[in-house]
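Structure, as structure tokens:
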Amino acid sequence: MKPLELVLNNIGPFHHETIDFTQLGDMFLVCGKTGAGKSTIFNSITYALYGKLPGERSKVTGNELRSDYVASHEEASITFTFLHHQSCYKIHRILPSIHLTKKNTETKQAESVELYKKNHSTFELLQNK
């Protein structure tokens with residue numbers, strides 16, 4: 001698998017950021033200060049693909065990946081585009097959310113995920129959950 005692009009919307013310290021891996025060489029270093037979001041990048045890729053994190057981090061829920069700096073009603077999502085066996089795929093995962101309504105009751109929004117495969121110049125939906 002070769003990453004092409006990662007779009008983080010309200011995930012961890014990222015409000016709406018795009019990482020274009022095609023601009024990087026075959027080998028690159030992810031570096032930064034403590035709390036800058038290095039682990040969030042890798043956690044986001046893993047969560048986009050599998051809907052959970054590996055090992056001890058598997059206890060982290062999608063709701064905990066959400067940014068602490070946005071309102072509860074704002075959507076948090078991860079879009080990851082990658083190559084696998086000469087085919088290009090895109091997965092778009094909207095994280096679950098819980099927010100208060102005007103009547104001060106909790107409303108739960110379930111997670112959704114869409115998987116696309118690129119055919120010629122457009123992406124076609126393969127799976128929608």
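Here the CD1 atom belonging to Ile11 is positioned 9.0 Å from the OG1 atom belonging to Thr40, to the nearest 0.5 angstrom. Rounding to the nearest 0.5 angstrom, the gap separating the CZ atom in Arg93 from the CG atom in Leu95 is 8.0 Å. In this structure, CG on Leu115 lies 11.0 Å from NZ on Lys90, to the nearest 0.5 angstrom. With rounding to the nearest 0.5 angstrom, the CD1 atom of Ile19 is 5.5 Å from the CG atom of Leu8. Annotation: the span from Lys52 atom NZ to Asn43 atom CG amounts to 14.0 Å, rounded to 0.5 Å.
Not counting sequence neighbours, Tyr69 has no partner by the ring-ring contact (aromatic ring centres under 6.0 Å, His included) test. Remark: Tyr89 pairs with Phe82 by the ring-ring contact (aromatic ring centres under 6.0 Å, His included) rule, at least two apart or across chains. Residues meeting the side-chain hydrogen bond (donor to acceptor under 3.5 Å, both in side chains) test with Asn119, sequence neighbours left out: Glu124. Partners of Pro3 under the side chain to side chain contact (heavy atoms under 4.5 Å, CB included) rule, at least two apart in sequence or in another chain, are Phe21, Phe80. In this view, Thr18 and Glu5, Val7 satisfy the side chain to side chain contact (heavy atoms under 4.5 Å, CB included) rule, not counting sequence neighbours. Partners of Thr122 under the side chain to side chain contact (heavy atoms under 4.5 Å, CB included) rule, at least two apart in sequence or in another chain, do not exist in this structure. Checked against side-chain hydrogen bond (donor to acceptor under 3.5 Å, both in side chains), Ser121 has no partners two or more places apart in sequence or in another chain.
In the hydrophobic clustering of ILVMFWY residues, with side-chain heavy atoms under 4.5 Å counting as a link, Val70 and Ile78 come out apart. Under a hydrophobic-cluster definition in which Ile, Leu, Val, Met, Phe, Trp and Tyr are linked whenever side-chain heavy atoms come within less than 4.5 Å, directly or via other members, Leu83 and Ile91 are assigned to different clusters. One hydrophobic cluster, built from ILVMFWY side chains closer than 4.5 Å, holds both Phe28 and Ile45.
When all heavy atoms of Cys31 and Lys38 are compared, the closest pair comes out as C-CD, 3.6 Å. The shortest heavy-atom contact between Gly37 and Pro13 is CA-CG, 3.8 Å. Here the closest non-hydrogen pair linking Pro96 and Tyr47 is CD-OH, 4.1 Å.
Residue Ile94 is found outside any hydrophobic cluster, as its side-chain heavy atoms come under 4.5 Å of no other Ile, Leu, Val, Met, Phe, Trp or Tyr. Think of Leu125 as one node in a network of Ile, Leu, Val, Met, Phe, Trp and Tyr side chains linked at under 4.5 Å; its network also takes in Tyr116, Phe123.
Screening residues 75-87 for side chain to side chain donor-acceptor pair (under 3.5 Å), with sequence neighbours left out, gives Thr79-His92.
In this model, a donor atom of one side chain and an acceptor atom of the other lie less than 3.5 Å apart for Asn10 and His15.
A heavy-atom distance below 4.5 Å is not found between the side chains of Ser44 and Leu65.
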